Enquirer: 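The structure follows.
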Protein chains: 2
Amino acid sequence: MSPAPEPTPARLRAIPSRLLAGAAVAADRLVGERLAAEGARKWHFAVLAALAEAGAASQAELSRRTGIYRSDMVAVLNELADTEYIRRDPDPGDRRRNVITLTPGGHRRLERLDALVTDAQRELLAPLTPGQRDELTRLLTVLTEYHRPSHPRPHDAK
Amino acid sequence: MSPAPEPTPARLRAIPSRLLAGAAVAADRLVGERLAAEGARKWHFAVLAALAEAGAASQAELSRRTGIYRSDMVAVLNELADTEYIRRDPDPGDRRRNVITLTPGGHRRLERLDALVTDAQRELLAPLTPGQRDELTRLLTVLTEYHRPSHPRPHDAK
DNA sequence: CTCGAACGTTCGTGCCACTAACGAAGCTAT
DNA sequence: ATAGCTTCGTTAGTGGCACGAACGTTCGAG
């Protein structure tokens, strides 16, 4: 097959990792621009959404839910606490932990940011049909679930 | 099926921009790790591949082919020139430009890096079927082509 | 000739993923 | 209990990447 005598190998284009990087940059810019209009970054949204979805949690737990590093989580929570969107109280049951709670103001904040993020998704996926959007979401979910920190390597050959 | 009136909005998971970012990080790490073993970064590969595909070019032209910023291109070319993988000569026809040429050593370098990158793609796409890999590549291509710097905005209301 | 644009370059910015190290606190196991 | 492991929050720092500002040089068009 492909008796095509292409002298140029044409290897560069259509390299998945490159496409992924490009698409991610575009997506991050779309989301970033909109959130910046409200003085927020995507982490703020992620943390607020995680809290709204699964309830109060420790910082480490939030790290796992959102994928944000524990180190970076500190600054994000500081900002969210400064603006009264969350509360950070010591956990009486485990004095190492803080319990992060979403305030009513934080909940409204989430509603606003969610609208912006949703709108950004629409623009991001504009060139795709609804079916393609679902398929893309599915494929990306498989990829991100498969590639997790320290992944088992099941089929370690040889 | 699941007319379930989920009280939890469950908005966080499956946000395309987040999935995209996660997959891109995984992909970048896979590629980065392998290239780092040879002391290279993905930009080196991109530049070498662009040169091999479409021939010698100016730095600005390479910027467009690879998506690397003109500012950052300088350092990359410096490194590639230091290791004799490319040559940077003034363009006799346009004295503003440099003509970047792939050396034989650079071509062999590309072959090695290409093997590493290809292997990384395999591992990246491991959990997908061949059909899904093609579909993903297609969808990502559409997205990246659509979202280009200063995109026309066809439906600019008002 | 003048003006605007493109080119290569330097410097600086901001975001993000990630590491290292730390003190404090909890969880075993002997 | 005490010794040793781990978890947690925190600080500080690193490196890559995408991007912007500005400047001198050169080209091209009016």
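For clarity, every value in this text was computed on a predicted model and none was experimentally measured. Atoms considered below: every heavy atom in the structure, side chains included; atoms not considered: hydrogens, waters and symmetry mates.
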Enquirer: Quick check on DNA chain C: between B:A60 and A:G67, whose nearest nucleotide comes earlier from the 5' end?
Expert: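 Here B:A60 is the residue nearer the 5' end.
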Enquirer: Within residues 85-100 of chain A, which residues have any heavy atom lying less than 4.0 Å from an atom of DNA chain C?
Expert: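 The stretch gives A:D94, A:R95, A:R96 as the residues lying under 4.0 Å from the strand, ordered by number.
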Enquirer: Which heavy atom of A:L20 sits nearest to which heavy atom of B:A27, and what is that distance?
Expert: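 Minimum heavy-atom contact is CD1-CB, 4.0 Å.
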Enquirer: End-to-end bend of the helix from C:dC1-D:dG30 to C:dT30-D:dA1 (five-pair axes, 10° rounding)?
Expert: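 Computed angle between terminal axes is 20°.
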Enquirer: What is the distance from CZ of B:R70 to C1' of C:dG12, rounded to the nearest Å?
Expert: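 Value for this atom pair: 15 Å.
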Enquirer: Salt bridge or not between B:R65 and B:E53? Use side-chain N to carboxylate O under 4.0 Å.
Expert: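 Not counted as a salt bridge, because no side-chain N and carboxylate O are separated by less than 4.0 Å.
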Enquirer: In this structure, how many angstroms lie between the P atom of C:dC18 and the OH atom of A:Y69, rounded?
Expert: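 Whole-Å distance recorded here is 5 Å.
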Enquirer: Taking only side-chain N and O atoms of B:Q59, does any of them lie within less than 4.0 angstrom of OP1 or OP2 on C:dA6?
Expert: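 Checking C:dA6 against B:Q59, no side-chain N or O comes under 4.0 Å of OP1 or OP2.
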Enquirer: How many Å lie between NZ on A:K42 and P on C:dG14, as a whole number?
Expert: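 Rounding to the nearest Å, NZ of A:K42 and P of C:dG14 are 18 Å apart.
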Enquirer: Under 4.0 Å between any heavy atoms, over every strand shown, what does A:S58 touch: base, sugar-phosphate, or nothing? Just pick one.
Expert: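 Sugar-phosphate contact only.
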Enquirer: Taking CE from B:M73 and P from C:dG8, how many angstroms apart are they, rounded to a whole number?
Expert: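 About 9 Å, once rounded to whole Å.
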Enquirer: Could you give the CZ-to-P distance, from A:R29 to D:dC17, as a whole number of Å?
Expert: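 Taking CZ of A:R29 and P of D:dC17, I get 17 Å after rounding.
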Enquirer: Would you kindly give the CG-to-P distance between A:L35 and C:dC16, to the nearest whole Å?
Expert: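 In whole Å, C:dC16 P and A:L35 CG are 10 Å from each other.
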Enquirer: Can a side-chain donor-acceptor contact be found between A:Q121 and B:S17 if the only test is distance below 3.5 angstrom?
Expert: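 Distance-only check passes for B:S17 and A:Q121.
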Enquirer: Would you say a side-chain N or O of A:W43 is under 4.0 Å from OP1 or OP2 of C:dC16?
Expert: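 Looking at the OP1 and OP2 atoms of C:dC16, one of them is under 4.0 Å from a side-chain N or O of A:W43.
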Enquirer: Mind calculating the distance between NE2 (B:H44) and P (D:dG15) to the nearest angstrom?
Expert: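 Result: 15 Å.
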